[in-house]
Amino acid sequence: MSPAVDRPLDTFEALQARGQAAFELGHLDESAQLLSEALAWAQVQGDQRRIDLAFCNLSSVDLSRNPFATIGPETMNRLREILMRNEDAVNCRLAAYNLARAYEFRKEARKGLFYARIALDRSQQLGREDWIASSHNQIGNFLMAQSFFEEAAHEYDCALASHPQAADRQAMILINVGYSRLVRGDHVGGIRLLYSSLRELRRLGVRRGQMFAHIDLCFAHLELERFADAIRHGAKGLALAEEIGEEDAIKNALYLLGEARHLSGDDASARELFDRLERDFYPDKTGISEFLLAIDVRKMINLRA
(Lines give C-alpha, C1' and ligand atoms only; values in the text may rest on other atoms or scores of the structure.)
Protein backbone atom coordinates (compact mmCIF):
# COMPACT_ATOMS: atom_id res chain seq x y z
CA MET A 1 0.00 0.00 0.00
CA SER A 2 1.36 3.43 -0.90
CA PRO A 3 2.42 5.98 1.76
CA ALA A 4 -0.35 8.29 0.56
CA VAL A 5 -2.95 5.68 1.47
CA ASP A 6 -1.27 4.85 4.78
CA ARG A 7 -1.19 8.42 5.98
CA PRO A 8 -4.87 8.84 7.04
CA LEU A 9 -4.75 5.76 9.27
CA ASP A 10 -1.46 6.96 10.71
CA THR A 11 -3.21 10.22 11.56
CA PHE A 12 -5.98 8.45 13.47
CA GLU A 13 -3.60 6.13 15.32
CA ALA A 14 -1.31 9.03 16.16
CA LEU A 15 -4.19 11.07 17.59
CA GLN A 16 -5.38 8.07 19.58
CA ALA A 17 -1.91 7.35 20.92
CA ARG A 18 -1.29 10.96 21.91
CA GLY A 19 -4.73 11.21 23.49
CA GLN A 20 -4.17 8.06 25.54
CA ALA A 21 -0.71 9.23 26.60
CA ALA A 22 -2.15 12.54 27.80
CA PHE A 23 -4.86 10.64 29.66
CA GLU A 24 -2.31 8.47 31.47
CA LEU A 25 -0.43 11.62 32.53
CA GLY A 26 -3.62 13.15 33.89
CA HIS A 27 -3.79 15.87 31.20
CA LEU A 28 -7.50 15.35 30.70
CA ASP A 29 -8.35 18.48 28.69
CA GLU A 30 -5.54 17.77 26.25
CA SER A 31 -6.61 14.14 26.02
CA ALA A 32 -10.21 15.12 25.30
CA GLN A 33 -9.12 17.48 22.53
CA LEU A 34 -6.95 14.85 20.81
CA LEU A 35 -9.56 12.12 21.10
CA SER A 36 -12.26 14.47 19.78
CA GLU A 37 -10.06 15.07 16.73
CA ALA A 38 -9.65 11.31 16.29
CA LEU A 39 -13.43 10.86 16.52
CA ALA A 40 -14.02 13.60 13.94
CA TRP A 41 -11.50 11.99 11.57
CA ALA A 42 -13.16 8.57 11.90
CA GLN A 43 -16.61 10.09 11.27
CA VAL A 44 -15.41 11.75 8.07
CA GLN A 45 -13.95 8.43 6.92
CA GLY A 46 -17.10 6.52 7.91
CA ASP A 47 -14.97 3.98 9.79
CA GLN A 48 -17.40 2.56 12.37
CA ARG A 49 -14.83 0.57 14.34
CA ARG A 50 -12.64 3.62 14.80
CA ILE A 51 -15.66 5.83 15.53
CA ASP A 52 -16.62 3.46 18.34
CA LEU A 53 -13.05 3.25 19.65
CA ALA A 54 -12.61 7.02 19.77
CA PHE A 55 -16.04 7.47 21.36
CA CYS A 56 -15.30 4.91 24.10
CA ASN A 57 -11.96 6.48 24.88
CA LEU A 58 -13.47 9.95 24.93
CA SER A 59 -16.18 8.79 27.36
CA SER A 60 -13.41 7.41 29.60
CA VAL A 61 -11.89 10.88 29.73
CA ASP A 62 -15.28 12.47 30.44
CA LEU A 63 -15.83 10.11 33.37
CA SER A 64 -12.41 10.93 34.80
CA ARG A 65 -12.76 14.66 34.18
CA ASN A 66 -16.13 15.04 35.87
CA PRO A 67 -17.04 11.77 37.59
CA PHE A 68 -19.66 13.21 39.92
CA ALA A 69 -21.73 14.52 37.02
CA THR A 70 -21.02 11.18 35.27
CA ILE A 71 -22.15 10.91 31.68
CA GLY A 72 -25.57 11.60 30.22
CA PRO A 73 -28.23 9.21 28.91
CA GLU A 74 -27.24 9.82 25.29
CA THR A 75 -23.68 8.64 25.97
CA MET A 76 -24.94 5.71 28.03
CA ASN A 77 -27.21 4.61 25.18
CA ARG A 78 -24.40 4.96 22.67
CA LEU A 79 -22.13 2.76 24.81
CA ARG A 80 -24.90 0.15 25.06
CA GLU A 81 -25.27 0.20 21.26
CA ILE A 82 -21.55 -0.45 20.83
CA LEU A 83 -21.82 -3.33 23.26
CA MET A 84 -24.90 -4.80 21.59
CA ARG A 85 -23.36 -4.68 18.11
CA ASN A 86 -20.51 -6.81 19.46
CA GLU A 87 -18.39 -6.10 16.39
CA ASP A 88 -15.06 -5.60 18.13
CA ALA A 89 -13.88 -7.11 21.44
CA VAL A 90 -11.79 -4.07 22.36
CA ASN A 91 -14.67 -1.65 21.84
CA CYS A 92 -17.07 -3.95 23.69
CA ARG A 93 -14.71 -4.11 26.65
CA LEU A 94 -14.26 -0.35 26.77
CA ALA A 95 -18.01 0.26 26.46
CA ALA A 96 -18.87 -2.22 29.22
CA TYR A 97 -16.15 -0.92 31.55
CA ASN A 98 -17.29 2.69 31.10
CA LEU A 99 -20.92 1.76 31.68
CA ALA A 100 -19.87 0.04 34.89
CA ARG A 101 -17.88 3.11 35.95
CA ALA A 102 -20.88 5.36 35.34
CA TYR A 103 -23.09 3.14 37.49
CA GLU A 104 -20.42 3.04 40.18
CA PHE A 105 -20.49 6.84 40.44
CA ARG A 106 -24.30 6.69 40.51
CA LYS A 107 -24.22 4.20 43.40
CA GLU A 108 -26.09 1.59 41.36
CA ALA A 109 -23.98 -1.40 42.28
CA ARG A 110 -26.17 -4.15 40.82
CA LYS A 111 -26.32 -2.57 37.36
CA GLY A 112 -22.64 -1.78 37.49
CA LEU A 113 -21.76 -5.34 38.45
CA PHE A 114 -23.59 -6.64 35.36
CA TYR A 115 -21.48 -4.54 33.01
CA ALA A 116 -18.27 -5.09 34.98
CA ARG A 117 -18.60 -8.84 34.45
CA ILE A 118 -19.06 -8.31 30.71
CA ALA A 119 -15.92 -6.16 30.71
CA LEU A 120 -14.01 -8.93 32.50
CA ASP A 121 -15.19 -11.52 29.96
CA ARG A 122 -13.99 -9.39 27.03
CA SER A 123 -10.70 -8.63 28.80
CA GLN A 124 -10.10 -12.36 29.23
CA GLN A 125 -10.92 -12.98 25.57
CA LEU A 126 -8.31 -10.40 24.61
CA GLY A 127 -5.74 -11.70 27.11
CA ARG A 128 -5.02 -8.18 28.39
CA GLU A 129 -3.63 -8.65 31.91
CA ASP A 130 -3.95 -4.96 32.80
CA TRP A 131 -7.61 -4.95 31.74
CA ILE A 132 -8.26 -8.24 33.53
CA ALA A 133 -6.79 -6.72 36.70
CA SER A 134 -8.85 -3.52 36.48
CA SER A 135 -12.05 -5.49 35.80
CA HIS A 136 -11.51 -7.79 38.79
CA ASN A 137 -10.89 -4.71 40.91
CA GLN A 138 -14.05 -3.07 39.59
CA ILE A 139 -16.11 -6.18 40.33
CA GLY A 140 -14.61 -6.23 43.83
CA ASN A 141 -15.74 -2.64 44.36
CA PHE A 142 -19.32 -3.48 43.42
CA LEU A 143 -19.36 -6.53 45.68
CA MET A 144 -17.82 -4.56 48.55
CA ALA A 145 -20.45 -1.83 48.13
CA GLN A 146 -23.11 -4.51 48.67
CA SER A 147 -21.22 -5.91 51.72
CA PHE A 148 -20.27 -9.18 50.01
CA PHE A 149 -16.92 -9.02 51.74
CA GLU A 150 -15.57 -12.51 51.04
CA GLU A 151 -16.48 -12.37 47.35
CA ALA A 152 -14.98 -8.89 47.04
CA ALA A 153 -11.74 -10.03 48.69
CA HIS A 154 -11.47 -12.85 46.13
CA GLU A 155 -11.85 -10.38 43.25
CA TYR A 156 -9.20 -8.06 44.68
CA ASP A 157 -6.82 -11.01 45.07
CA CYS A 158 -7.49 -11.93 41.43
CA ALA A 159 -6.78 -8.34 40.41
CA LEU A 160 -3.35 -8.45 42.07
CA ALA A 161 -2.62 -11.90 40.63
CA SER A 162 -3.36 -10.53 37.14
CA HIS A 163 -0.25 -8.34 37.42
CA PRO A 164 -1.55 -4.83 36.70
CA GLN A 165 1.25 -3.09 34.85
CA ALA A 166 1.14 0.45 36.24
CA ALA A 167 2.56 0.92 39.75
CA ASP A 168 -0.17 3.40 40.73
CA ARG A 169 -2.92 0.97 39.72
CA GLN A 170 -1.29 -1.84 41.66
CA ALA A 171 -1.05 0.42 44.72
CA MET A 172 -4.74 1.33 44.40
CA ILE A 173 -5.73 -2.33 44.21
CA LEU A 174 -3.56 -2.97 47.25
CA ILE A 175 -5.60 -0.40 49.19
CA ASN A 176 -8.73 -2.39 48.40
CA VAL A 177 -7.07 -5.65 49.46
CA GLY A 178 -6.06 -3.97 52.72
CA TYR A 179 -9.54 -2.64 53.38
CA SER A 180 -11.11 -6.02 52.60
CA ARG A 181 -8.87 -7.52 55.28
CA LEU A 182 -9.91 -4.87 57.79
CA VAL A 183 -13.63 -5.52 57.37
CA ARG A 184 -13.01 -9.26 57.79
CA GLY A 185 -11.15 -8.71 61.09
CA ASP A 186 -7.53 -8.98 59.92
CA HIS A 187 -6.45 -5.58 61.24
CA VAL A 188 -2.73 -6.33 61.34
CA GLY A 189 -2.62 -7.59 57.76
CA GLY A 190 -4.88 -4.80 56.52
CA ILE A 191 -2.85 -2.04 58.15
CA ARG A 192 0.39 -3.47 56.80
CA LEU A 193 -0.94 -3.43 53.24
CA LEU A 194 -2.38 0.07 53.61
CA TYR A 195 0.92 1.52 54.82
CA SER A 196 2.75 -0.26 52.01
CA SER A 197 0.36 1.21 49.46
CA LEU A 198 0.53 4.67 51.05
CA ARG A 199 4.32 4.73 50.76
CA GLU A 200 4.13 3.83 47.07
CA LEU A 201 1.41 6.39 46.34
CA ARG A 202 3.44 9.09 48.07
CA ARG A 203 6.44 8.17 45.94
CA LEU A 204 4.30 8.40 42.81
CA GLY A 205 2.53 11.57 43.92
CA VAL A 206 -0.97 10.06 43.57
CA ARG A 207 -2.94 12.26 45.96
CA ARG A 208 -6.35 10.64 45.41
CA GLY A 209 -4.91 7.25 46.31
CA GLN A 210 -3.27 8.73 49.41
CA MET A 211 -6.67 10.11 50.42
CA PHE A 212 -8.24 6.64 50.39
CA ALA A 213 -5.28 5.13 52.25
CA HIS A 214 -5.43 7.75 55.03
CA ILE A 215 -9.20 7.34 55.49
CA ASP A 216 -8.89 3.55 55.57
CA LEU A 217 -6.06 3.84 58.11
CA CYS A 218 -8.22 6.14 60.21
CA PHE A 219 -10.88 3.43 60.25
CA ALA A 220 -8.29 0.74 61.06
CA HIS A 221 -6.75 2.60 63.99
CA LEU A 222 -10.21 3.52 65.25
CA GLU A 223 -11.12 -0.16 65.31
CA LEU A 224 -8.00 -0.83 67.41
CA GLU A 225 -8.75 2.20 69.66
CA ARG A 226 -5.54 3.94 68.66
CA PHE A 227 -7.27 7.28 68.69
CA ALA A 228 -4.26 9.54 68.16
CA ASP A 229 -3.28 7.60 65.02
CA ALA A 230 -6.89 7.59 63.84
CA ILE A 231 -7.13 11.37 64.25
CA ARG A 232 -3.84 11.92 62.44
CA HIS A 233 -4.83 9.86 59.41
CA GLY A 234 -8.41 11.11 59.45
CA ALA A 235 -7.27 14.73 59.35
CA LYS A 236 -4.91 14.03 56.43
CA GLY A 237 -7.60 12.12 54.56
CA LEU A 238 -10.14 14.91 55.11
CA ALA A 239 -7.69 17.58 53.89
CA LEU A 240 -6.98 15.62 50.71
CA ALA A 241 -10.67 14.94 50.11
CA GLU A 242 -11.42 18.66 50.44
CA GLU A 243 -8.56 19.50 48.09
CA ILE A 244 -9.79 17.01 45.48
CA GLY A 245 -13.47 17.78 46.07
CA GLU A 246 -14.56 14.16 46.57
CA GLU A 247 -17.78 14.38 48.54
CA ASP A 248 -18.09 10.73 49.58
CA ALA A 249 -14.58 10.79 50.98
CA ILE A 250 -15.27 14.06 52.84
CA LYS A 251 -18.38 12.50 54.36
CA ASN A 252 -16.55 9.32 55.44
CA ALA A 253 -13.66 11.32 56.90
CA LEU A 254 -16.05 13.50 58.91
CA TYR A 255 -17.81 10.43 60.31
CA LEU A 256 -14.58 8.69 61.29
CA LEU A 257 -12.72 11.76 62.53
CA GLY A 258 -15.71 12.82 64.59
CA GLU A 259 -15.90 9.37 66.16
CA ALA A 260 -12.15 9.36 66.87
CA ARG A 261 -12.43 12.75 68.59
CA HIS A 262 -15.47 11.57 70.55
CA LEU A 263 -13.87 8.34 71.75
CA SER A 264 -10.68 10.19 72.68
CA GLY A 265 -12.72 12.42 75.00
CA ASP A 266 -12.77 15.55 72.83
CA ASP A 267 -16.53 15.94 72.50
CA ALA A 268 -16.32 19.61 71.53
CA SER A 269 -14.27 18.83 68.40
CA ALA A 270 -16.44 15.80 67.69
CA ARG A 271 -19.57 17.95 67.80
CA GLU A 272 -18.01 20.47 65.39
CA LEU A 273 -17.28 17.70 62.89
CA PHE A 274 -20.72 16.11 63.24
CA ASP A 275 -22.37 19.55 62.99
CA ARG A 276 -20.54 20.11 59.72
CA LEU A 277 -21.65 16.66 58.51
CA GLU A 278 -25.27 17.59 59.29
CA ARG A 279 -24.98 21.03 57.71
CA ASP A 280 -23.23 19.95 54.50
CA PHE A 281 -24.79 16.54 53.84
CA TYR A 282 -28.07 16.31 55.79
CA PRO A 283 -29.47 19.86 55.82
CA ASP A 284 -33.07 18.63 55.90
CA LYS A 285 -32.51 16.59 59.07
CA THR A 286 -31.98 17.73 62.64
CA GLY A 287 -30.34 16.09 65.62
CA ILE A 288 -27.67 14.28 63.59
CA SER A 289 -24.87 15.42 65.92
CA GLU A 290 -26.67 14.21 69.04
CA PHE A 291 -27.45 10.90 67.40
CA LEU A 292 -23.86 10.32 66.26
CA LEU A 293 -22.49 11.21 69.70
CA ALA A 294 -24.76 8.57 71.22
CA ILE A 295 -23.92 5.62 68.95
CA ASP A 296 -20.87 3.79 67.60
CA VAL A 297 -20.36 5.29 64.14
CA ARG A 298 -17.95 2.52 63.13
CA LYS A 299 -20.79 0.00 62.89
CA MET A 300 -22.66 2.20 60.41
CA ILE A 301 -19.94 2.77 57.84
CA ASN A 302 -19.00 0.81 54.76
CA LEU A 303 -16.31 3.01 53.21
CA ARG A 304 -16.94 1.46 49.79
CA ALA A 305 -20.72 1.73 49.76
Side-chain angles (χ1 to χ4, degrees), residues 141 144-145 149 153 156 167-282 288-305:
N141 290 342
M144 184 66 74
F149 299 134
Y156 293 143
D168 59 334
R169 293 176 185 171
Q170 185 165 355
M172 291 295 290
I173 293 171
L174 203 60
I175 288 178
N176 289 334
V177 175
Y179 180 71
S180 74
R181 291 193 180 183
L182 292 179
V183 297
R184 290 179 296 143
D186 181 7
H187 296 100
V188 173
I191 287 173
R192 178 178 57 80
L193 290 174
L194 288 170
Y195 274 121
S196 175
S197 180
L198 180 58
R199 285 192 296 271
E200 181 67 5
L201 291 165
R202 280 175 175 162
R203 184 185 71 80
L204 297 167
V206 182
R207 298 183 71 73
R208 187 169 183 269
Q210 294 174 53
M211 174 194 73
F212 286 121
H214 280 303
I215 293 173
D216 287 357
L217 283 165
C218 176
F219 172 77
H221 287 300
L222 193 54
E223 287 281 279
L224 296 174
E225 300 189 349
R226 299 172 180 169
F227 302 130
D229 288 331
I231 290 168
R232 176 166 55 87
H233 284 290
K236 289 180 179 179
L238 177 59
L240 286 167
E242 290 170 333
E243 175 189 317
I244 296 167
E246 190 140 344
E247 290 191 357
D248 283 344
I250 293 171
K251 186 190 301 183
N252 287 335
L254 288 171
Y255 272 120
L256 293 173
L257 193 52
E259 183 71 355
R261 290 288 188 185
H262 171 53
L263 293 177
S264 70
D266 186 357
D267 281 356
S269 294
R271 186 178 295 277
E272 287 180 9
L273 291 160
F274 289 149
D275 282 347
R276 179 183 166 189
L277 189 68
E278 179 178 332
R279 182 178 64 253
D280 292 351
F281 295 99
Y282 306 102
I288 295 291
S289 293
E290 294 298 330
F291 174 72
L292 294 175
L293 287 167
I295 60 143
D296 188 343
V297 171
R298 293 170 294 179
K299 307 304 180 186
M300 297 175 54
I301 294 180
N302 177 351
L303 298 178
R304 300 298 189 269

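Along the sequence shown, the residues carry numbers beginning at 1.
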Look at R192 together with D186 and state whether they make a salt bridge at an N to O cut-off of under 4.0 Å.
no
Kindly compute the distance separating CG (L277) from CG (N252), expressed to the nearest 0.5 Å.
9.5 Å
Compare every heavy atom of G258 with every heavy atom of A270, then report the nearest pair and how far apart it is.
CB-O, 3.3 Å
Indicate yes or no: at least one non-hydrogen side-chain atom of L198 is less than 4.5 angstrom from one of I175.
no
Please report the shortest heavy-atom distance between G237 and M211, naming the atom on each side.
O-CG, 3.8 Å
Looking at every heavy atom in both L222 and A260, which two are closest together, and how far apart are they?
CD1-CA, 3.7 Å
Give a yes or no answer on whether the side chain of E278 reaches the backbone of I288 with a donor-acceptor pair at less than 3.5 Å.
yes
Residues two or more places apart in sequence or in another chain: which of them pass side chain to side chain contact (heavy atoms under 4.5 Å, CB included) with E243?
R207, L240
Evaluate L256 against L238 for side-chain contact (heavy atoms from CB on, under 4.5 Å), listing each step before the verdict.
CA-CA 10 Å; L256 293 173; L238 177 59; over 6 Å; no
Ring pair (Phe, Tyr, Trp, His ring centres under 6.0 Å) contacts touching residues 181-202 (sequence neighbours left out):
Y195-H233
Flag side-chain contact, heavy atom, 4.5 Å: L182 against L194:
yes
I need the D267 CG to E272 CD distance, nearest 0.5 Å.
11.5 Å
Does the side-chain contact (heavy atoms from CB on, under 4.5 Å) test come out yes or no for E225 and L263, once each step is laid out?
CA-CA 8 Å; E225 300 189 349; L263 293 177; over 6 Å; no
Is the backbone N or O of R261 less than 3.5 Å from a side-chain atom of S269, with the two atoms forming a donor-acceptor pair by type?
no
Run the side-chain contact (heavy atoms from CB on, under 4.5 Å) check on D168 and R203 step by step: do they pass?
CA-CA 10 Å; D168 59 334; R203 184 185 71 80; over 6 Å; no
Is R304 close to D216 at the side-chain level, that is, under 4.5 Å between some pair of heavy atoms?
yes
Measure across Y255 and I301 and return the closest heavy-atom pair with its distance rounded to 0.1 Å.
CB-CD1, 3.3 Å
Rounded to the nearest 0.5 Å, how far apart are CG of L293 and CD of E259?
8.5 Å
Over all heavy atoms of both residues, which pair between F227 and S264 is shortest? Give the atoms and the distance, please.
CB-CB, 3.9 Å
Carboxylate-amine/guanidinium proximity below 4.0 Å for R276 and D280:
yes
Give, for atom CD1 of I215 and atom OH of Y179, the distance between the pair rounded to the nearest 0.5 Å.
11.0 Å
N176 side, atom CG; S197 side, atom OG - distance, nearest 0.5 Å:
9.0 Å
Decide yes or no on side-chain contact (heavy atoms from CB on, under 4.5 Å) for L303 and F212, but give the supporting numbers first.
CA-CA 9 Å; L303 298 178; F212 286 121; over 6 Å; no
When every non-hydrogen atom of I244 is compared with those of R208, the smallest separation belongs to CD1-CA, 3.5 Å
Spacing of CZ belonging to F149 relative to CE belonging to M144, to within rounding of 0.5 Å
6.5 Å
Under 4.5 Å between any side-chain heavy atoms of I250 and E242, yes or no?
yes
